[in-house]
Number of protein chains: 2
Amino acid sequence: MALEHAILVSLLEKPGSGYELARRFERSIGYFWTATHQQIYRVLKRMESDGWVDVRDVAQYGRPDKKEYSVAGPGRAALAAWLNEATEPESVRHDLAVKVRGAAFGDPAALISEVERHRQAHTDRLAHYLAGETRDFGEPPAHGPLDAERELQHVVLRGGIAYERMMIAWLDDVLATLAGFDAGR
Amino acid sequence: MALEHAILVSLLEKPGSGYELARRFERSIGYFWTATHQQIYRVLKRMESDGWVDVRDVAQYGRPDKKEYSVAGPGRAALAAWLNEATEPESVRHDLAVKVRGAAFGDPAALISEVERHRQAHTDRLAHYLAGETRDFGEPPAHGPLDAERELQHVVLRGGIAYERMMIAWLDDVLATLAGFDAGR
DNA sequence: TCCTCCTATGCACCTCGTTGCATAGCAACG
DNA sequence: CGTTGCTATGCAACGAGGTGCATAGGAGGA
């Protein structure tokens with residue numbers, strides 16, 4: 001389980017509340033690790049009782065108070081230990097691939113609109129990534145070329161961009177294959 | 001949940017026992033949808049009681065008897081319904097991406113061997129895919145160019161190949177980034 | 001003969017993840 | 001003043017998924 005480690009990384013990048021973490025998991029972090037607010041609150045409780053994070057009540061004006069979490073020593077140690085631990089690549093799960101193979105036993109042409117829907121979703125996400133790259137990494141950093149945090153965030157984003165481009169190209173391949181059945185009928 | 005649909009597709013391609021399905025999920029199907037034998041047996045029971053599949057006891061010599069499952073009418077209908085249903089892209093989970101961003105708060109160089117391990121795994125899998133492609137799709141099919149089942153299996157395999165190539169290229173990008181910190185120190 | 005391995009099926013338990021719901025403060029709008 | 005909507009936290013229940021273990025037939029080797 002890497003959710004607790006993903007939370008540690010996010011809190012090291014910037015301390016915040018459960019609610020703020022949940023919103024980060026809808027954007028940057030969530031592009032390669034998803035979590036709902038329920039999971040996050042539950043795991044934060046456990047991490048707090050394990051001494052991995054510290055909590056601080058923060059009064060806010062114009063909105064409800066919040067609990068701001070930050071990483072404590074044992075949390076840092078746990079993250080360091082996990083980084084040195086060998087983990088297997090996460091299992092891939094593409095329901096669309098199941099559908100494509102299943103289309104052989106139904107109407108392949110009926111799948112075209114579904115594939116196009118997925119293609120659109122990946123195109124949108126790619127545009128979003130590219131906009132984020134220009135915004136956050138377009139200019140060389142003011143504090144020298146060796147800011148590890150920034151460089152590593154950028155290489156992860158480049159991974160997301162490569163993934164979306166690969167998916168769009170593959171979905172075009174799928175569409176061409178499906179169109180071939182139509183034409184050849 | 002697509003496990004039941006993945007099982008339906010696999011049984012339509014070829015009827016078999018839970019044990020055989022489990023081994024298929026370790027190879028072809030398992031490249032884009034994973035499942036343990038426990039999940040498979042459990043779901044097969046449910047599918048049987050729902051009338052999605054038929055069972056046939058098969059006596060074997062030199063090994064224990066087995067139950068051979070095949071898809072029944074309601075199962076076919078359920079698959080067709082699912083194919084016409086809009087599903088969201090599965091959420092991606094790359095623990096390595098979490099590690100890469102986490103490396104900013106530890107020793108980036110310590111991550112190199114872990115990244116290289118993953119790169120090797122993806123290289124191995126790519127070689128396996130390419131061998132399978134040559135074996136299964138190298139020759140044009142004897143029964144005409146419009147065998148939908150074969151064509152669709154091939155396009156899914158091409159997706160796997162594209163994924164592995166993308167991952168290898170990205171891992172090289174990560175390694176170059178990590179090496180940059182070492183050199184610049 | 002015993003040990004190990006492969007085929008084949010299954011139970012019990014536990015964790016992870018999701019859904020639905022509840023509560024509560026405050027802002028903005030009609 | 002009521003409704004809607006955003007911030008913020010949390011409980012309860014359920015289903016999916018994974019680990020460990022158990023059983024059982026037969027093959028093959030030490």
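Fair warning: this is a prediction, and the values are worked out from it, not measured in the lab. In what follows, chains carry the letters A, B, and so on, assigned in the order in which the sequence lines appear, proteins first and then strands, with residues in each chain numbered from 1.
Distance NZ (A/K45) to P (C/dG17): 19 Å, rounded to an integer number of Å. Between B/D65 atom CG and D/dG26 atom C1' there is a gap of 11 Å when expressed in whole angstrom units. Atom pair B/E20:CD and C/dT9:C1' shows a separation of 13 Å (rounding to whole Å applied). One atom, CD of B/Q60, and another, P of D/dG26, lie 12 Å apart when rounded to the nearest Å. Rounded to an integer number of Å, the gap from NE2 of A/H37 to C1' of D/dA8 is 9 Å. For the pair A/F25 CZ and C/dC16 P, the interatomic distance rounds to 14 Å; values are reported in whole Å. Rounded to a whole Å, the CG atom of A/L3 is 18 Å from the P atom of D/dG17. Taking atom CD1 of B/I40 as the reference point, atom P of D/dA16 lies 15 Å away to the nearest angstrom.
Counting atom types as modelled, B/Q38 pairs a side-chain N or O with a base atom of C/dG10 as donor and acceptor under 3.5 Å. For A/R42 against C/dT18, a side-chain-to-base donor-acceptor contact under 3.5 Å is present. Donor-acceptor pairing under 3.5 Å, judged by distance alone, is absent between the side chain of A/R93 and the base of D/dG17.
Contact annotation: B/R23 does not reach the phosphate of C/dA8 (side-chain N/O to OP1 or OP2, under 4.0 Å). At D/dA8, one or more side-chain N or O atoms of A/R63 fall inside 4.0 Å of OP1 or OP2 (strictly under the cut-off). Side-chain N/O atoms of B/Q39 include none lying less than 4.0 angstrom from OP1 or OP2 on D/dA16. In this structure, B/S17 does not reach the C/dT7 phosphate: none of its side-chain N or O atoms is under 4.0 Å from OP1 or OP2. Within the structure, every side-chain polar atom (N or O) of B/Y41 is placed at least 4.0 Å from both OP1 and OP2 of C/dG10.
Put simply, the side chain of A/R24 gets close to the backbone of A/S10: a donor and an acceptor are under 3.5 Å apart.
Heavy-atom distances to DNA chain C give each of B/K67 and A/P64 a nearest nucleotide, and the one nearer the 5′ end belongs to B/K67.
Two residues are said to be in side-chain contact when any heavy atoms from C-beta on lie closer than 4.5 Å; A/R117 and B/E88 meet this criterion. Residues A/T87 and B/E114 form a side-chain contact, since some pair of their non-hydrogen atoms from C-beta on lies under 4.5 Å apart.
For A/T36, whose side chain is taken as the heavy atoms from C-beta onward, the closest listed nucleotide among C/dT18, C/dG10, D/dT9 is C/dT18. Of the candidates D/dG18, D/dA8, C/dT7, the closest approach to any side-chain atom of B/Y19 belongs to C/dT7. Considering only the side chain of B/K66, C/dA8 comes nearest among C/dA8, D/dA8, D/dG10.
Aromatic pair A/Y31/A/Y129: ring centres closer than 6.0 Å.
Looking at every heavy atom in both residues, A/A148 comes nearest to B/A104 through C-CB, 4.3 Å.
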